[in-house]
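Counting convention: from 1, in listed order, for ligands and their atoms alike. Bear in mind that the values here come from a model prediction, so they are computed numbers and not experimental data.
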Amino acid sequence: MTSTSPPAGLRHLHSGKVRELYQTDGGDLLMVASDRISAFDHVLSTPIPDKGRILTQLSLWWFERLAGVVANHVLSTDVPAELAGRAVICRKLDMFPIECVARGYLAGSGLTDYEATGTVCGVPAPPGLLDGSQLPEPIFTPATKAPMGEHDENVSYDVVVATVGAEPAAELRSLTLAVYGAARDIALERGIVLADTKFEFGRTPDGQILLADEVLTPDSSRFWPADQWQPGHPQASYDKQYVRDWLTSPASGWDRHSGEKPPPLPDDVVAATRARYVEAYEQLTGEPFA
Ligand code: ATP
Ligand code: MG
């Protein structure tokens, strides 16, 4: 199943780029991950088969392993049969409008910023770091959640304080770094470098902060094969880099600055991308993806 037809009787709350949210009768959330893939802030017209199940199963695996570090929003995986594997019931939270990013290595917008300013999203860093270098210690580089189709914007810690208050900001930062540290160690034991990742947190009515959304998937994280890690150039990765590379190659015929929608993906790009997601799942969990 590539689309997510509405489950009977549930109120549809929100369509994100990848997930659909519904409200259950009990006031909780049914969060359904589709097979949609986004790149360059566009949702592509071609789905990646099984991606929704892979992301959901990988998030559940991580939530369980990190339960000692942070409480999370998952209530149950008891969902309608047609959504099995790709959906969870979770607590409906008041989400912080902040993308909580942790970076342990230099890549992406952190690298761009470092090359331009010598700091990583406002956080000082030593000179001489390369593309893919490990940072002296992991840093919190928050971003604001952009509306659909727009790019998330890195913001300073002060903006987080102004947005959510000093105490929650400090808690978001320390939780983000604690969860990143624990996950980085788990991933490395399995031969994967967790270069960076993005978390979303929300608050329960009684004020408890819980880890929500998806966690530590190829959509929210940069995973690199540890045995190939070598700073100085872009790293091989288990994510949608293959899709991005194809979209920006002459083969796609697409100009990402044209404002046009990206073209459909050819079958070989779909298959290679699916294989990356499966490989990330299998290498992290040590289990075959069924
Ligand atoms: P947006 O929905 O803002 O466009 P997105 O494209 O990343 O962002 P998806 O990841 O497809 O969206 O959908 C997930 C949505 O569900 C996000 O808006 C996320 O903030 C929200 N969400 C995740 N967990 C919870 C929760 N426990 N309670 C309320 N909202 C949640
Ligand atoms: Mg999301």
### Query
Which word best sums up how the rings of F40 and W254 line up, parallel for under 30°, tilted for 30 to 60°, or perpendicular for over 60°?
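Tilted.
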### Task
Look at the rings of F63 and H73 and say which category their plane angle falls in: under 30° parallel, 30 to 60° tilted, over 60° perpendicular.
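F63 and H73: tilted rings.
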### Query
Would you call D196 and R222 a salt bridge, using N to O less than 4.0 angstrom?
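Yes, charged N to carboxylate O under 4.0 Å.
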### Query
Does an N or O from L93, backbone or side chain, lie closer than 3.5 Å to an N or O of ligand 1?
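Yes, L93 has an N/O under 3.5 Å of an N/O on ligand 1.
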### Task
Consider every N or O of K92 and every N or O of ligand 1, then say whether any pair is closer than 3.5 Å.
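No - when backbone and side-chain N and O of K92 are compared with those of ligand 1, no distance drops under 3.5 Å.
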### Message
Can you give me the closest heavy-atom contact between A182 and V69, atom names plus distance?
### Response
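Heavy-atom minimum between the residues: CB-CG2, 3.9 Å.
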Atoms of ligand 1 close to [X] [distance to a heavy atom under 4.0 angstrom, numbered from 1]:
| X | value |
| --- | --- |
| A212 | 24 (N), 27 (N) |
| V18 | 11 (O) |
| L21 | 16 (O), 21 (C) |
| E200 | 19 (C), 20 (O) |

### Task
For R173, check side-chain hydrogen bond (donor to acceptor under 3.5 Å, both in side chains) against everything at least two apart and list the hits.
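R173 satisfies side-chain hydrogen bond (donor to acceptor under 3.5 Å, both in side chains) with no other residue.
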### Flag for D78-S76: side-chain donor and acceptor within less than 3.5 Å
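No, D78 and S76 have no side-chain donor paired with an acceptor closer than 3.5 Å.
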Ligand 1-proximal atoms of [X], by part, heavy-atom distance under 4.0 Å:
| X | value |
| --- | --- |
| E214 | neither |
| R19 | both |
| K17 | both |

### Query
Considering only heavy atoms, which of L211, D213, D219 lies nearest to atom 14 (C) of ligand 1?
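Answer by nearest heavy atom: D213.
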### Message
My understanding is that a hydrophobic cluster links ILVMFWY residues whose side chain heavy atoms are under 4.5 Å apart, including indirect links. Using that, what else belongs to the cluster containing M95?
### Response
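Besides M95, the cluster holds L93, L210.
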